[in-house]
Amino acid sequence: MSDAPFIEIRNAAKSFGALEVLKDINLTVEKGQIVAIIGPSGSGKSTLLRAINELDPLTSGEVWLDGVQINKDLPFRQYEKHVNQVRQDIGMVFQHFNLFPHLTVRGNITLAPKMLKGLSDKEVNELAEEQLKRVGMLERIDYYPSQLSGGQKQRVAIARALAMKPKVMLFDEATSALDPELVEEVNLVMKQLAEEHMTMIIVTHEMGFAQDVCDRVLFMDQGYVVEEGSPDVVFRNPTQDRTKDFLKKHL
Ligand code: ADP
Ligand code: MG
């Protein structure tokens, strides 16, 4: 085994046309670590998360996961195959759930394992049941997304990501579209994953949650990681004025 970090982002830069959205980002995450990314709207948090699984490929720089370079330069067909492979290791949960509306909860969860892992119906059903149990949603297995609350949809979305047995889970403001009374049930599921030492990168605007759950906090502003450290340091003793200003408004 090498000593390379579990996840490593090296000199990452990303532009949309003339707009530079990520500027020389470096980040390492160890296995089992939970990292929060905070920062104002438009600072590049989603773009960074989406770069990790090639939804928004970097303009330059490298992304590594468990010894494999995610953003490899390959001929198109090989690239497609590579990306489909590596994405199986990266679970992602979005603000707006992104469940397939025409499929039941079961259908949503079994689709990818069936197609990408070639598992049998029996295997994927067991997998769906196991993951739904984990998020407390087993009794809704035959419901459609439209029959669920926002919090329930998000728990299903988490179960769907977990069903691929990912090496890392990425959360992009998983609770910000929820009514306040539904936030806690989703936070509880994420806390449970934290206790199970799932490696997670969590973009959040919930400073309390970040303080409670995360090992490390990154503050981003205008495409830069301005400050990073333990929650104690970043939240209680930030060194950068931009971090202080942001926290004044959000703590
Ligand atoms: P955050 O998640 O921190 O709010 P984003 O990563 O979504 O920030 O966006 C960072 C910047 O990149 C913003 O200025 C946003 O408008 C821009 N941006 C994001 N996605 C695209 C895109 N697909 N095309 C053009 N600009 C984009
Ligand atoms: Mg965002």
Side-chain angles (χ1 to χ4, degrees), residues 7 22 25 27 29 32-53 90-99 134-137 148-162 166 168-240 242-251:
I7 299 172
L22 299 177
I25 306 264
L27 168 65
V29 182
Q33 248 188 357
I34 298 151
V35 176
I37 303 179
I38 61 171
S41 179
S43 55
K45 305 180 299 294
S46 293
T47 306
L48 178 60
L49 218 54
R50 292 164 59 84
I52 296 175
N53 65 2
I90 306 170
M92 184 148 181
V93 176
F94 302 89
Q95 187 175 343
H96 293 289
F97 329 123
N98 299 12
L99 295 175
R134 211 166 163 190
V135 302
M137 285 294 296
L148 304 176
S149 72
Q152 292 174 329
K153 281 184 213 173
Q154 198 56 299
R155 282 146 70 200
V156 170
I158 293 171
R160 179 175 65 176
L162 292 171
V168 56
M169 287 283 285
L170 311 177
F171 292 88
D172 194 357
E173 308 225 20
T175 59
S176 40
L178 299 177
D179 291 335
E181 71 272 20
L182 303 178
V183 168
E184 196 49 28
E185 65 188 74
V186 174
N187 280 348
L188 279 174
V189 168
M190 292 168 72
K191 279 183 187 162
Q192 181 190 317
L193 294 178
E195 280 159 21
E196 294 166 14
H197 305 291
M198 170 65 79
T199 309
M200 300 197 269
I201 304 178
I202 302 173
V203 172
T204 183
H205 66 275
E206 285 188 75
M207 301 303 138
F209 180 80
Q211 278 194 61
D212 283 356
V213 174
C214 299
D215 303 307
R216 242 165 77 219
V217 180
L218 262 68
F219 170 68
M220 284 184 70
D221 193 24
Q222 297 183 11
Y224 292 101
V225 173
V226 172
E227 182 146 8
E228 75 167 285
S230 70
D232 261 2
V233 171
V234 174
F235 288 118
R236 284 181 239 279
N237 289 302
T239 61
Q240 303 297 311
R242 283 193 272 176
T243 319
K244 291 178 194 167
D245 286 347
F246 176 81
L247 290 174
K248 237 181 261 164
K249 292 180 210 139
H250 293 88
L251 264 188

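Counting from 1, the numbers follow the sequence of the chain as shown.
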Just verifying a value: how many Å separate [X] [atom1] and [Y] [atom2], rounded to the nearest 0.5 Å?
{"X": "His96", "Y": "Glu173", "atom1": "NE2", "atom2": "CD", "answer": "9.5 Å"}
{"X": "Leu22", "Y": "Leu48", "atom1": "CG", "atom2": "CG", "answer": "5.5 Å"}
{"X": "Leu218", "Y": "Ile202", "atom1": "CG", "atom2": "CD1", "answer": "12.5 Å"}
{"X": "Ile25", "Y": "Thr47", "atom1": "CD1", "atom2": "OG1", "answer": "10.0 Å"}
{"X": "Phe219", "Y": "Lys244", "atom1": "CZ", "atom2": "NZ", "answer": "12.0 Å"}
{"X": "Ser41", "Y": "His205", "atom1": "OG", "atom2": "NE2", "answer": "11.5 Å"}

Is there side-chain contact between [X] and [Y], with at least one heavy-atom pair below 4.5 Å?
{"X": "Asp172", "Y": "Gln95", "value": "no"}
{"X": "His250", "Y": "Ile38", "value": "no"}
{"X": "Val213", "Y": "Asn187", "value": "no"}
{"X": "Leu251", "Y": "Gln211", "value": "yes"}
{"X": "Ile158", "Y": "Val186", "value": "yes"}
{"X": "Asn98", "Y": "Arg160", "value": "yes"}
{"X": "Met92", "Y": "Arg50", "value": "yes"}
{"X": "Leu193", "Y": "Arg134", "value": "yes"}

Problem - Modelled atom types, side-chain donor and acceptor of Asp221 and Gln240, under 3.5 Å - result: no
Any donor-acceptor pair under 3.5 Å from [X] side chain to [Y] backbone:
{"X": "Lys45", "Y": "Pro40", "answer": "yes"}
{"X": "Glu227", "Y": "Thr239", "answer": "yes"}
{"X": "Gln154", "Y": "Phe94", "answer": "yes"}
{"X": "Asp215", "Y": "Ile34", "answer": "yes"}
{"X": "Arg155", "Y": "Glu185", "answer": "no"}

Please name the pair of heavy atoms, one in [X] and one in [Y], separated by the smallest distance, quoted to 0.1 Å.
{"X": "Val93", "Y": "Ala174", "value": "CG1-CB, 4.0 Å"}
{"X": "Gly32", "Y": "Thr199", "value": "N-OG1, 2.7 Å"}
{"X": "Met200", "Y": "Met190", "value": "CE-O, 3.4 Å"}
{"X": "Pro166", "Y": "Gly91", "value": "CB-N, 3.4 Å"}
{"X": "Pro238", "Y": "Leu247", "value": "CG-CD1, 4.0 Å"}
{"X": "Ala210", "Y": "Phe235", "value": "CB-CZ, 3.9 Å"}

Exercise for the section: Assess whether side-chain contact (heavy atoms from CB on, under 4.5 Å) is satisfied between Phe209 and Thr175, documenting all intermediate values. Expected result: CA-CA 11 Å; Phe209 180 80; Thr175 59; over 6 Å; no
Problem - Residues Val168, Val29; criterion side-chain contact (heavy atoms from CB on, under 4.5 Å); working and verdict - result: CA-CA 10 Å; Val168 56; Val29 182; over 6 Å; no
Problem - Test: Lys248 and Asp245 ion pair at under 4.0 Å - result: yes
Exercise for the section: Applying side-chain contact (heavy atoms from CB on, under 4.5 Å), run through Lys191 and Asp212 and close with a yes or a no. Expected result: CA-CA 9 Å; Lys191 279 183 187 162; Asp212 283 356; 4.2 Å; yes
Problem - Steps toward side-chain contact (heavy atoms from CB on, under 4.5 Å) verdict (Val135, Gln192) - result: CA-CA 9 Å; Val135 302; Gln192 181 190 317; over 6 Å; no
